[in-house]
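Quick note: numbers below take in every heavy atom, side chains included, and nothing from hydrogens, waters or symmetry partners.
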Amino acid sequence: MSFGFLGIQMGFALQNANASRILQNFGADVHQLSWFWIIAPLMGLIVQPIVGHYSDATWGRFGRRKPYFLIGAILASIGLILMPQAGIFVAHLPALWVGAGMLMIMDASFNIAMEPFRALVGDNLRTDQRTLGFSVQTALIGFGAVMGSWLPYVLTNWFGVSNRDALGGVPLNLIFSFVLGAIVLVASILVTVVTTKEYTPEELAGFETDEANTRIPETGSETSSSSIFAIFEDFKQMPQTMRQLSWVQFFSWFGLFGMWVFATPAIAQHIYGLPYTDASSATYQDAGDWVGILFGVYNLVSAFYAFALPYIAKKIGRKKTHAISLCIGGLGLVSIYFMPDKNWLLLSMAGIGIAWASILAMPYAILAGSIAPKKMGVYMGIFNFFIVIPQIINALIGGPLIKYAYGNHAVYALVSSGISFIIAAALVFKVKDIDDVIPDAL
């Protein structure tokens with residue numbers, strides 16, 4: 001059911017680890033990077049609730065959720081192929097703007113594909129299965145991200161594909177990596193489309209009746225409407241649990257965005273000793289490849305930690321599990337400032353991986369228990385507001401903070417991200433987990 005997330009996250013990891021240096025290759029200044037990255041959360045803010053609303057309200061011969069993530073995968077693969085090759089369009093537009101446009105296409109498409117996958121797990125699993133279901137999804141996300149993060153390094157160091165470009169453009173190892181990522185993305189989505197059954201609206205209605213005997217979802221709006229404006233009514237009547245989780249998500253994703261955007265310039269400057277303006281040198285490309293390895297490490301740790309999450313949550317509860325995981329990740333981000341060389345950063349990434357696994361699983365497992373099945377898609381989409389809004393804020397202020405508050409030292413953006421994780425951990429304890437009140441026998 002979740003296998004398609006392997007490919008989605010492979011493409012997403014290629015983007016996260018390499019988009020900043022690709023944009024710098026095309027001429028973006030480090031202070032401008034977060035402004036280009038604002039495209040990503042804006043696409044999520046617009047796309048996910050709309051896709052969630054319409055996937056809730058439609059049913060066709062190909063299912064309810066599957067048509068959306070298949071279309072999203074095809075569009076995302078086009079963006080993956082074209083983004084690192086934006087230079088071929090310079091006769092018509094500046095390469096930097098073409099690259100930013102491809103980033104927009106990729107993000108919009110990833111969002112079309114991601115939201116229905118979240119809803120599909122909520123649709124198909126009982127309450128007592130969801131922690132495990134989202135954890136398995138997180139494991140597949142982790143393995144896919146490892147593939148995407150490590151691919152440029154592997155192509156260069158194992159297969160001899162060059163990570164240099166004589167003209168200062170995007171190196172060949174990145175171009176090949178993005179093409180391979182596009183192929184894996186479409187193939188993995190097809191596995192889910194071909195092998196996964198979706199329940200009909202009538203079957204889901206029956207499940208909702210059954211679950212009403214054990215709990216009453218907090219969802220305020222019980223009726224479905226085909227009007228797109230119904231999203232605003234659903235937003236006003238969101239469950240209390242979602243409102244409480246929104247603050248946890250805000251500080252979690254504020255921190256993640258800072259790490260994704262500024263990890264490469266921060267590590268190139270703080271660990272490799274490069275000037276913050278130097279984005280075209282051979283050493284900077286080596287630093288960028290190493291950041292890909294580091295991102296792969298935190299995703300690999302998250303993949304294995306995801307298997308432990310259901311057992312830890314069963315022993316100490318989902319809220320404590322999430323809070324402890326976020327604290328470990330926050331300390332991992334802060335520790336980057338103190339690490340003496342690039343190899344020690346592997347330890348920092350292990351901590352970040354623990355937080356990442358929990359961020360991808362625990363909030364959704366807690367949230368799903370408070371949502372009626374017929375509203376699963378739209379509320380998973382609305383929940384994305386609290387992922388993208390903090391990213392938009394970070395995108396607007398991240399570059400100016402580095403320039404004016406951090407004295408052009410990008411590593412302080414990573415330290416701020418770590419502090420943000422720790423704040424999120426404290427806020428977890430204010431969340432009401434509906435499923436905590438269900439007797440063990442159920």
**Request:** Say whether, by atom type as modelled, one donor and one acceptor occur between the side chain of Lys319 and the main chain of Val431 under 3.5 angstrom.
**Result:** yes

**Phe3/Phe143 aromatic ring centres below 6.0 Å** = no

**Request:** Determine yes or no for a side-chain-to-main-chain donor-acceptor pair under 3.5 angstrom, with Asn299 supplying the side chain and Ser302 the backbone.
**Result:** no

**Prompt:** Does Ser335 have any side-chain hydrogen bond (donor to acceptor under 3.5 Å, both in side chains) partners at least two apart in sequence or in another chain, and if so, which?
**Reply:** Ser348

**Request:** Indicate the atoms forming the closest heavy-atom contact of Pro310 with Phe307, along with that distance.
**Result:** CD-O, 3.4 Å

**Prompt:** Sequence neighbours excluded, which residues qualify as side-chain hydrogen bond (donor to acceptor under 3.5 Å, both in side chains) partners of Ser177?
**Reply:** none

**Message:** Within the structure provided, determine whether Leu6 and Met147 are in side-chain contact (heavy-atom separation under 4.5 Å).
**Reply:** yes

**Message:** I'd like to know if the side chain of Gln137 and the backbone of Ala361 have a donor-acceptor N/O pair within less than 3.5 Å.
**Reply:** no

**Atom pair CD1 (Ile175) and CG (Leu180), whose distance is rounded to the nearest 0.5 Å** = 12.0 Å

**Request:** Taking the side chain as every heavy atom from C-beta outward, state whether Trp290 and Tyr272 have any pair of such atoms under 4.5 Å apart.
**Result:** yes

**Asked** How many angstroms lie between CD1 in Ile78 and OG in Ser109, if you round to the nearest 0.5 Å?
**Response** 7.5 Å

**Prompt:** Under 3.5 Å, side chain of Ser325 to main-chain N/O of Thr321, donor-acceptor pair present?
**Reply:** yes

**Prompt:** With a cut-off of 6.0 Å (strictly less than), are more than 12 heavy atoms of other residues, nucleotides or ligands near OH of Tyr364?
**Reply:** yes

**Request:** Give, for atom NE2 of His409 and atom NE2 of His270, the distance between the pair rounded to the nearest 0.5 Å.
**Result:** 9.5 Å

**Asked** OG of Ser135 to CE of Met362: how many Å apart, nearest 0.5 Å?
**Response** 4.5 Å

**Request:** Determine yes or no for a side-chain-to-main-chain donor-acceptor pair under 3.5 angstrom, with Gln269 supplying the side chain and Ala410 the backbone.
**Result:** yes

**Asked** Between CG of Leu174 and CD of Gln85, what distance do you get to the nearest 0.5 Å?
**Response** 11.0 Å

**Prompt:** Ser77 side chain to Ile74 main-chain N or O, any donor-acceptor pair under 3.5 Å?
**Reply:** yes

**Item:** Side chain Thr192, main chain Gly4, donor-acceptor under 3.5 Å
**Value:** yes

**Message:** For a ring pair (Phe, Tyr, Trp, His ring centres under 6.0 Å) check, start with the C-alpha distance between Tyr412 and Tyr337, then their side-chain angles and the critical distance, and finish with the verdict.
**Reply:** CA-CA 8 Å; Tyr412 290 117; Tyr337 180 83; 5.5 Å; yes

**Prompt:** Distance from Leu326 atom CG to Leu427 atom CG, nearest 0.5 Å?
**Reply:** 10.0 Å

**Asked** Are the side chains of Asn173 and Tyr153 in touch, meaning some heavy atoms are under 4.5 Å apart?
**Response** no

**Message:** Does atom CZ (Phe429) have a neighbourhood of more than 12 heavy atoms from anything else shown, all under 6.0 Å?
**Reply:** yes

**Message:** When you measure from the side chain of Ser188 to the backbone of Leu185, do you find a donor-acceptor pair of N or O atoms at a distance under 3.5 Å?
**Reply:** yes

**Asked** Is the shortest heavy-atom distance from the side chain of Glu198 to the side chain of Leu120 under 4.5 Å?
**Response** yes

**Donor-acceptor under 3.5 Å (Gln391 side chain, Ile387 main chain)** = yes

**Asked** Closest heavy-atom contact between Ala182 and Ile81?
**Response** CB-CG1, 3.7 Å

**Message:** Using side-chain heavy atoms (C-beta onward) and a distance below 4.5 Å, is Asn18 in contact with Val170?
**Reply:** no

**Prompt:** Any side-chain heavy atom of Leu151 sitting closer than 4.5 Å to one from Phe178?
**Reply:** no

**Asked** Are more than 12 heavy atoms from other residues, nucleotides or ligands located less than 6.0 Å from atom NZ of Lys197?
**Response** yes

**Donor-acceptor pair between Asn163 and Asp289 side chains, under 3.5 angstrom** = yes

Expected list for residues 250-261: side-chain donor-acceptor pairs under 3.5 angstrom, two or more places apart:
residue : atom : partner : partner atom : Å
Ser252  : OG   : Val248  : O            : 2.7
Trp260  : NE1  : Tyr298  : OH           : 2.9

**Prompt:** Just wondering, do Val186 and Leu70 contact through their side chains at under 4.5 Å, heavy atoms?
**Reply:** no

**Prompt:** Quick one: does Gln15's side chain have a donor or acceptor within less than 3.5 Å of a partner on Gly11's backbone?
**Reply:** no

**Prompt:** Mind checking whether Met83 and Ile22 have side chains closer than 4.5 Å, heavy atoms only?
**Reply:** yes

**Prompt:** With distance as the sole criterion, is a donor-acceptor pair present between the side chains of Thr138 and Tyr305 under 3.5 Å?
**Reply:** no

